[in-house]
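Here is how names work: the chains are called A, B, and so on, in the same order as the sequence lines, proteins then strands, and each is numbered from 1.
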2 protein chains.
Amino acid sequence: MTVEVEASLEPGLGEALSQVSEALKARAWLVLAGNCETSYEGRAASGSTPGDRVVMVKPDGSVIVHGPKGFKPLNWQPDTSSVEARLDSDTLELRAVRRSPREILVIRCARIYYLAVLKGAEEGGFWLYVNEAEIRDEAMRDPVGVLGERLRFIEAEKPVEPGFIDALAEDEQGRLVVLEFKRVKAGEEAVKQLLRYVEALRARTSREVRGVLVAPDATEAARRLLERSGLELRRIDLRSLYERIKGRSAARRRSLVDFLG
Amino acid sequence: MTVEVEASLEPGLGEALSQVSEALKARAWLVLAGNCETSYEGRAASGSTPGDRVVMVKPDGSVIVHGPKGFKPLNWQPDTSSVEARLDSDTLELRAVRRSPREILVIRCARIYYLAVLKGAEEGGFWLYVNEAEIRDEAMRDPVGVLGERLRFIEAEKPVEPGFIDALAEDEQGRLVVLEFKRVKAGEEAVKQLLRYVEALRARTSREVRGVLVAPDATEAARRLLERSGLELRRIDLRSLYERIKGRSAARRRSLVDFLG
DNA sequence: TGTTTCATCTTGCGA
DNA sequence: TCGCAAGTTGAAACA
């Protein structure tokens, strides 16, 4: 194993400074818990008075400050040009600077509960993901299997006045079919967008144009608007789509179904 | 001080399990570094093969998994209904479940480099920030200072057909002025929105209607559309606005300018 | 580099 | 719960 760990419990600020400085120089992965205040100035200006924080400085220089609540960090700095540490009036001060946009994040810790340094951390293996484009591509590859209908696909990402149509196809009756894909439950907004595309297309052709929203589900308001607008909803099942798409990839791995029971 | 810390360096999995379980039960703040693999299934499906990770479970149940690079976590789970730990075939397994949307995140750690538990962490003090509403309010309070023009404000957040006008005012010539505020560089989208409001208002009144985009800057495309549409751009300076707004607040604190030098 | 679009967006507010 | 808008959004794709 290549990973080296070093940690201190409630270190003094002087001790902390030397460990932090060394970690930054070595481009190690630094995790620090302490009572800190933060200030940010750049695209906006913000700050927080002292509170308990977990501060992380990654090997690539990203700085992230978490409070005890929520998914989002309190402050951060993604593309730092420099991260520096020093002692300033009884605090350990970290300054993360970014050029373009010019931003500065200052973290001042009056007390440090815990400090850990990881050296030689490795990124690890690849990453699977099913996104909207993959759903669309799967539908184009096998319209009957995914949409339950024989369609001939004409174009994906077709530019039409208000933006881009996810996919344009032709059905067996020769009608144009505008397809809008959603990976999550579709709201009213998705229907409005689909409607804009359908209307834009109808204005430019004498052919009949259908609009189909492809999503796992739709909200009540979305369904009403579909109904009123004469548009269609095709439900898809993410799980089985995931299996179809990923099942084709060479490296097959255990499904989460195992865990879900 | 109320924060209690407990930490282990390279604990065995059994030892780690008991500490983790206890931390979860006590709703403590858990930070763990190890070699882990992750699987997520819910709104999407994703996963990563083993790699070095820092895993955080916050007192509110949020779970965040970071890899050694970048601002964004590899996996996360914001509003968990349950987080559980157990040993499974030589790994420490964490399962974070959320209902609605139904999602599950599974983290399996084969090795644990270190583990820290923080109890009694406090959110800490308030949070300063300049947002769009504050810019708007400051402009309404002092139109000459912020916009360089005498305006009489009629209404903020006025509902008009497509949505809400940020602010509606009247200029010295008695013309209506629709104001759209942006805290960051304005894109074409902001101009389109402003234009929709201006046109909606013109359709409902015989009075002359001006449209003013208030922003630190605008993209080239946005400026062209402003020009073509006969709308105006008023540039503002965030830094000085921040000083104006925050300077008024009772608790005056050191400016970041001190650090920027 | 700038601009646009996507995201397991998150978050907050309101109906 | 749904709809909507803002975010230091970040990150990727594209011109």
Exercise. Roughly how many Å is it from NZ in A:Lys182 to C1' in D:dG3, rounded to a whole number?
Worked result: 14 Å

For this session: Can you tell me, in whole Å, how much space there is between the P of D:dT8 and that of D:dC4?
Result: 22 Å

Seminar exercise, completed: Judged by nearest nucleotide, the residue sitting upstream toward the 5' end of DNA chain C, B:Arg98 or A:Gln193, is A:Gln193

Problem set entry | Residue list, ring pair (Phe, Tyr, Trp, His ring centres under 6.0 Å) with B:Phe153, at least two apart or on another chain | none

Exercise. Any donor-acceptor pair under 3.5 Å linking the side chain of B:Arg95 with the backbone of B:Val106?
Worked result: no

For this session: Check for a donor-acceptor pair, side chain of B:Thr80 on one end and backbone N or O of B:Val83 on the other, with a separation under 3.5 Å.
Result: no

Exercise. Which class fits the ring pair B:His66 and A:His66: parallel under 30°, tilted 30 to 60°, perpendicular over 60°?
Worked result: perpendicular

Problem set entry | Main-chain N/O of B:Gly67 paired to A:Lys58 side chain as donor or acceptor, under 3.5 Å | yes

Exercise. Can you name the side chain to side chain donor-acceptor pair (under 3.5 Å) partners of A:Ser62, sequence neighbours left out?
Worked result: A:Asp60

Exercise. Which whole-number value in Å describes the distance from B:Glu103 CD to C:dC9 P?
Worked result: 8 Å

Seminar exercise, completed: Note: for A:Ala186 and B:Glu180 on DNA chain D, the residue whose nearest nucleotide lies more 5' is A:Ala186

Problem set entry | For atom NZ of B:Lys192 and atom C1' of D:dA5, their distance in whole Å | 18 Å

Seminar exercise, completed: B:Arg99 CZ to D:dT1 C1', in whole Å, measures 17 Å

Exercise. Would you say a side-chain N or O of B:Arg183 is under 4.0 Å from OP1 or OP2 of D:dG7?
Worked result: yes

For this session: Would you check if there is a donor-acceptor pair between the side chains of B:Tyr40 and B:Glu103 at a distance under 3.5 Å?
Result: yes

Exercise. For DNA chain C, what residues of residues 60-73 of chain B have any heavy atom nearer than 4.0 Å?
Worked result: none

For this session: Scan A:Glu132 against the nucleic acid and name what it touches under 4.0 Å (heavy atoms): base, sugar-phosphate only, or nothing.
Result: sugar-phosphate

Exercise. In whole Å, what is the span from the CD atom of B:Glu134 to the P atom of C:dG12?
Worked result: 16 Å

For this session: Apply side chain to side chain donor-acceptor pair (under 3.5 Å) to A:Arg228 and list each qualifying residue two or more places apart in sequence or on a separate chain.
Result: none

Which protein N or O atoms sit under 3.5 Å from an N or O of nucleotides 1-3 of chain C?
residue : atom : partner  : partner atom : Å
C:dT3   : OP1  : B:Glu220 : N            : 3.1
C:dT3   : OP2  : B:Lys185 : NZ           : 3.4

Exercise. Looking at residues at least two apart in the chain, or sitting in another chain, which of them share a salt bridge (Lys or Arg N to Asp or Glu O under 4.0 Å) with B:Arg223?
Worked result: B:Asp217, B:Glu220

Problem set entry | Sugar-phosphate only, base, or nothing, as touched by B:Asn75 at under 4.0 Å among non-hydrogen atoms | base

Exercise. With distance as the sole test, does B:Ser81 use its side chain to make a donor-acceptor pair with the main-chain N or O of B:Val97 at under 3.5 Å?
Worked result: yes

Problem set entry | Atom-pair distance (CZ on B:Arg196; P on D:dC4), nearest Å | 12 Å

Seminar exercise, completed: In whole angstroms, the gap separating P of C:dT5 from CZ of A:Phe181 amounts to 19 Å

Exercise. What is the nucleic acid contact for A:Gly187, judged by heavy atoms within less than 4.0 Å: base, sugar-phosphate only, or nothing?
Worked result: sugar-phosphate

For this session: Take the protein atom CG of B:Leu241 and the nucleotide atom P of D:dT8, then report the distance between them rounded to whole Å.
Result: 16 Å

Exercise. For D:dG10, does OP1 or OP2 lie under 4.0 Å from any side-chain N or O of A:Arg43?
Worked result: yes

For this session: Could you tell me whether the phosphate oxygens of D:dG10, OP1 or OP2, come under 4.0 Å of any side-chain nitrogen or oxygen in A:Trp76?
Result: yes

